[in-house]
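Taking it in order: structure first as C-alpha cells, then the write-up.
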Number of protein chains: 2
Amino acid sequence: MLKLSKKAEYALMAAKYMALKNHSGFSTAKEISESYQIPYQLVAKVLQNLVKSDIAVSAKGVNGGFSLARKANNISLIDIIRAVETNFKIVDCMQLNSSSADCEHFDCCKIKDPLAEVQRKIDKVFTETLLVQIL
Amino acid sequence: MLKLSKKAEYALMAAKYMALKNHSGFSTAKEISESYQIPYQLVAKVLQNLVKSDIAVSAKGVNGGFSLARKANNISLIDIIRAVETNFKIVDCMQLNSSSADCEHFDCCKIKDPLAEVQRKIDKVFTETLLVQIL
DNA sequence: ACAAAAAGGACTGATTTAGTCTGACATTAA
DNA sequence: TTAATGTCAGACTAAATCAGTCCTTTTTGT
Ligand code: SF4
Ligand code: SF4
C-alpha cells in the first residue's frame, strides 16, 4: 500500500516537536504524547528508537527527557524514518546481497532493475528533505 | 513499511510481458502465470483490474486473452499501480477532502503539509516513469 | 525515601496481504 | 451442438504486520 507506518509519523511529529523547542532543554514523552494525542507508550518507544539511532539523546530520572542529538538542518527524514521502520524498501529484493531467498521470483523477475531505480528516486526524496524544512 | 503489494508487482510484470509481445496478439493469464511463476488466479485478477482501468483490453473465449490498450510510452507506472492498489498514499489524510474522519490526529497534526509535499514528489516519480522505460 | 522519567520486553486485537476455491459467463473450433 | 478455452467475479482462509497496552526495571533529582 506504500503507506508510512504510524510509528514513522509519530517519529516525525516527535522530531519536529523537539526541534521547535530545542533551545529550552528536554522534552518528555508525556509532553509529546499529550501535545499530539499520541498514546504515551507508543511515542516513548519511538523516542527510544530515535536515541538508538543517534538522532536524539535522552536523560533519565526527574527532569529528564529527550532532545535532538544534532541540528535540524543535519537530520533528514530518512534518518528519522529508518530509526523506527525496519524495512524501508518498496520490494523485498533491494538488499545489497539479495537472492532468491528474499523473493521466490528473484530468478525470473524482469522488473527488479527498474524498481531499483524507482527505489533510488524515492530514497532521494526522503534523504533530501531535512527536518528543518518541515518545521 | 512503504512496500508495494505483490499485486502491484504482478501488475507491472504482466504489463511488461504484454508490452514485449504486443505485436503478436493476446497474452493469456495462464501464459503470464507460468512465465513468471505467479499463482494463476492472482495474475488473472490483476489483469482484470488492468482492464477495468482501461490499461488493457480483454478478449473472451478460445484464443482470447489480454493485450495493452495503449502504447507503452503512454502508460505510466502510476496508472498500472493505481489499477490494483486501492489507496496509494503514504498517509491517511491525503484525500482532497480529508478531515478528522480520516485520521484522529488530523486537527493537532503538524506534519500534514510537509508530508503532502513528499507525497507529490513520490507521485511524480511514479507518474514520470513510463512502461516503455522498464522494458 | 520518593516521585518522575527512560528502557525494554511480552502480549493482544485488529487490519492487511497473499493466495485459494468455486462458480458463473462468453467465444469459438470441431 | 458441444466441448474446450478463457474471462469475470465474489467469498473465503491463513499468515503476516500494525497499533496499541501492560508490566517491570533502572536511573536520577529533590
Ligand atoms: S525479485 Fe522481482 S518480484 Fe521479487 S521482490 Fe524483487 S522486484 Fe519483486
Ligand atoms: S493528519 Fe497527520 S497523523 Fe493523521 S494521517 Fe495525516 S499526517 Fe498522519
Phosphate contact (D/dT5 OP1 or OP2) by B/Thr28 side-chain N/O below 4.0 Å: no

Nearest listed nucleotide, side chain of B/Val51, among C/dG19, D/dC8, D/dA19: D/dC8

Given DNA chain D, 5'-ward residue of the pair A/Lys7 and B/Ser58, judged by closest heavy atom: B/Ser58

Aromatic ring proximity, centroids under 6.0 angstrom, B/Phe88 and B/Phe126: yes

Earlier contact from the 5' end, DNA chain C, for A/Gly61 and B/Asn63: A/Gly61

Sugar-phosphate only, base, or nothing, as touched by A/Tyr10 at under 4.0 Å among non-hydrogen atoms: sugar-phosphate

Neighbour count >12 (heavy atoms, 6.0 Å) for atom NZ, A/Lys21: yes

Spatial distance of atom CG (B/Leu2) from atom CD1 (B/Ile90) [nearest 0.5 Å]: 7.5 Å

Polar side chain donor-acceptor pair, B/Tyr17 to B/Glu31, under 3.5 angstrom: yes

Along DNA chain C (nearest heavy atom to each residue), the more 5'-positioned of B/Val62 and B/Thr86: B/Thr86

Working for side chain to side chain contact (heavy atoms under 4.5 Å, CB included), residues B/Gln133 and B/Leu77: CA-CA 10 Å; B/Gln133 292 173 270; B/Leu77 296 202; over 6 Å; no

Separation of atom CD1 in A/Ile81 from atom P in D/dC18, rounded to whole Å: 14 Å

Atom-to-atom span, CG of B/Asp92 to P of D/dC18 - whole angstrom: 14 Å

A/Lys3 NZ to C/dT17 P, straight-line distance once rounded to whole Å: 8 Å

A/Asp92: partners by side-chain hydrogen bond (donor to acceptor under 3.5 Å, both in side chains), with sequence neighbours left out: B/Lys3

Sugar-phosphate only, base, or nothing, as touched by B/Ala59 at under 4.0 Å among non-hydrogen atoms: sugar-phosphate

Proximal nucleotide (of D/dC8, D/dT28, D/dT17) relative to the A/Lys60 side chain: D/dT28

Sugar-phosphate only, base, or nothing, as touched by B/Ala29 at under 4.0 Å among non-hydrogen atoms: sugar-phosphate

Rounded distance (Å) that lies between atom P of D/dT17 and atom CG of A/Leu4: 17 Å

Proximity to the side chain of A/Gln48 - top-ranked nucleotide from D/dG20, C/dT27, C/dA7: C/dA7

Length of the line joining B/Leu47:CG and D/dA9:C1', which is rounded to integer Å: 14 Å

Out of C/dT16, D/dC23, D/dT7, whichever nucleotide has its closest atom nearest the side chain of A/Gln41: D/dC23

Sugar-phosphate only, base, or nothing, as touched by B/Gln37 at under 4.0 Å among non-hydrogen atoms: nothing

Options D/dA9, C/dT20, C/dA6, nucleotide nearest the side-chain atoms of B/Leu42: C/dT20

Euclidean distance, atom CD of residue A/Glu104 to atom P of C/dT17 [Å, nearest integer]: 18 Å

Length of the line joining B/Met1:CE and D/dA19:C1', which is rounded to integer Å: 14 Å

Per A/Lys6 side chain, nearest of listed nucleotides D/dC8, D/dT17, D/dA19: D/dA19

Would you tabulate the pairs of protein nitrogen or oxygen atoms and nucleotide nitrogen or oxygen atoms of nucleotides 10-13 of chain C closer than 3.5 angstrom?
unit_1, atom_1, unit_2, atom_2, d
C/dA10, N6, A/Lys45, NZ, 3.4

D/dT7 OP1/OP2 closer than 4.0 Å to side-chain N/O of B/Tyr40: yes

Between P of C/dG8 and CG of A/Leu50, the distance in whole Å: 13 Å

Full working for side chain to side chain contact (heavy atoms under 4.5 Å, CB included) between A/Phe66 and A/Val51: CA-CA 8 Å; A/Phe66 299 88; A/Val51 171; 3.7 Å; yes

Polar side chain donor-acceptor pair, B/Thr127 to B/Asp123, under 3.5 angstrom: no

